[in-house]
Colleague: 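Here's a structure for you.
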Protein chains: 2
Amino acid sequence: MDKKQAILKSVLKLVNREGFYHLNMKKIAQEAGVAAGTIYLYFKGKEDLINALYGMIVNEFNLKVLEGYDDGKPVQANFFRMIDLAIDFYLGEPDNFSFIEQYTYAPFLFKENQDENFTLLLPIYKMMREGKKQGVIRNIPDAVLLALIHGPMNTIIKLHLAHKTDLNKKGAKQKFHEAVWQAISV
Amino acid sequence: MDKKQAILKSVLKLVNREGFYHLNMKKIAQEAGVAAGTIYLYFKGKEDLINALYGMIVNEFNLKVLEGYDDGKPVQANFFRMIDLAIDFYLGEPDNFSFIEQYTYAPFLFKENQDENFTLLLPIYKMMREGKKQGVIRNIPDAVLLALIHGPMNTIIKLHLAHKTDLNKKGAKQKFHEAVWQAISV
DNA sequence: TTAATCAAAATGAACGTTCATTCATTTTTT
DNA sequence: AAAAAATGAATGAACGTTCATTTTGATTAA
């Protein structure tokens, strides 16, 4: 069994269940079924461990979301597919969402990736630019566009995970991505 | 001088500067210019202190945002004013934003206000319902509507505070609230 | 096949530090 | 001079990290 992976999975599970605040190395070790010292064979320390996990999730996310991208298709089709894939990514592994949110809003906790936080948004940027060039997306500042896409996505996932709405209901995702499209299209 | 208030302000400043992770009682006391023990005269402990601060900010926010509400005016006017006031609230005291974000995404950190997190959204709900009744706001699920309003606001403020956009530029707020309106209006 | 050897992997008790909280004492206010 | 407010050193628990020791598993020798 891959202990490194088991340790990372433990952190993910624990952060989601109890938050960063209650995270400690002993719990991580227990959850992973290894000794406390073992963690230090694979990671420099707590901080390194957390950063490694963040990097892993961001990579997985970008990979998954860009699967949907096809330059041949119209911008709208790419957009719908990207939104749906992003939602699927987080609903399939909700721990990822919780972790990313907590990591993002912990200033100075792990300094390295300060601007890198916006790495997550690169796929969106790509699509936005293309849409503007073709004239199908409104010509408003990038930041506003970004806010109109990323913001609702974040919130709807949050609401879903808090059982305030159900994105798995038939047509729910479609209704959502169409609403976002209406906000950003000309 | 009101020591209780000074202590709360210290927490706000420190959480924004260094994050929850590096927050400790000694620093809070130093920043507030009191002894560590003094904090316990005004609060039961660290947890109580954090919760009190959260409650305070939520109250201030709702008060400020609802200032803009006037039943006599059309829904759109109320909406624009509310959005602008919410933005002003956070730009005027960015520490509030950072604190609320970190508090919201710390599951089980301070259990009390789990569902209460949505208290912040009550003014938005109020307006939404009214707009739907009058037929000026699209008849899509509340959660989706909420996501289309609250999400972009969060993100645009985040982008502003990260210097990725400038909401103080002439017309910036207007452009933003109009874009959001386009997303939610019929 | 069995025994011996050794490096790599893993362990978890121990260490030093940090931190929230307490409380005997001092300072301030009434 | 009594009460209330404030202090900050002391306390003990919790935590991240280390490291001497043990276990594992592959390799070699008999």
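All values reported here derive from a predicted model rather than from experimental measurement. Numbered from 1 within each chain, the chains take letters A, B, ... in sequence-line order. As a basis for the values below, the full set of heavy atoms in this structure was taken, side chains included, without hydrogen atoms, waters or symmetry mates.
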Colleague: So which nucleotide from dA9(C), dC15(D), dC19(C) ends up closest to the side chain of Asn24(B)?
Modeller: dC19(C)

Colleague: Using only heavy-atom distances, determine whether the side chains of Glu178(A) and Gln174(A) contain a donor-acceptor pair under 3.5 Å.
Modeller: yes

Colleague: When you compare the side chains of Gln102(B) and Asn16(B), does any donor N or O come within less than 3.5 Å of an acceptor on the partner?
Modeller: no

Colleague: Between Lys26(B) and dC19(C), is there a side-chain N or O to OP1/OP2 distance below 4.0 Å?
Modeller: no

Colleague: How many Å lie between CD1 on Ile50(B) and P on dA20(C), as a whole number?
Modeller: 10 Å

Colleague: May I have the distance from His22(A) (atom NE2) to dA14(D) (atom C1'), rounded to whole angstrom?
Modeller: 12 Å

Colleague: Taking NZ from Lys46(B) and P from dA13(D), how many angstroms apart are they, rounded to a whole number?
Modeller: 19 Å

Colleague: Find out whether Phe79(B) and Trp181(B) are in side-chain contact, i.e. whether some heavy atom of one side chain is under 4.5 Å from a heavy atom of the other.
Modeller: yes

Colleague: Measure from NZ on Lys4(A) to P on dA10(C) and round the result to the nearest Å.
Modeller: 13 Å

Colleague: Can you tell which of dA10(C), dG16(D), dA20(C) lies closest to the side chain of Thr38(A)?
Modeller: dA10(C)

Colleague: Between dT11(C), dG16(D), dT21(C), which nucleotide gets closest to the side-chain atoms of Met25(B)?
Modeller: dT21(C)

Colleague: Quick one: label Ile28(A) by what it contacts on the DNA or RNA (base, sugar-phosphate, nothing), any heavy atom closer than 4.0 Å.
Modeller: nothing

Colleague: In whole angstrom, give the distance that lies between atom CG of Leu23(A) and atom P of dG16(D).
Modeller: 7 Å

Colleague: Between Lys4(B) and Phe43(B), is NZ or CZ placed under 6.0 angstrom from the six-membered ring centre and within 45° of the ring axis?
Modeller: yes

Colleague: Please report, rounded to the nearest Å, how far the P atom of dA9(C) is from the CG atom of Asp2(A).
Modeller: 13 Å

Colleague: For the side chain of Val34(A), counting heavy atoms from C-beta on, which of dC19(C), dT11(C), dG16(D) is nearest?
Modeller: dT11(C)

Colleague: Once you round it to whole Å, what is the distance between P of dG16(D) and OH of Tyr42(A)?
Modeller: 20 Å

Colleague: Checking side chain to side chain contact (heavy atoms under 4.5 Å, CB included) between Ile87(A) and each of Met82(A), His177(A), Lys173(A), which is the one that passes?
Modeller: Lys173(A)

Colleague: Roughly, in whole Å, what's the span from OH in Tyr40(B) to P in dA9(D)?
Modeller: 16 Å

Colleague: Can you tell which of dA9(C), dT7(D), dT21(C) lies closest to the side chain of Leu41(A)?
Modeller: dA9(C)

Colleague: Answer with base, sugar-phosphate or nothing: what part of the nucleic acid does Phe43(B) contact at a heavy-atom distance below 4.0 Å?
Modeller: nothing

Colleague: Under 4.0 angstrom, heavy atoms only, what part of the nucleic acid is Leu49(A) near: base, sugar-phosphate, or nothing?
Modeller: nothing

Colleague: Are any of Lys3(A)'s side-chain N or O atoms less than 4.0 Å away from OP1 or OP2 of dA10(C)?
Modeller: yes

Colleague: Assuming nearest nucleotide by heavy-atom distance, tell me which of Gly37(A) and Lys27(A) is located more 5' along DNA chain D.
Modeller: Lys27(A)

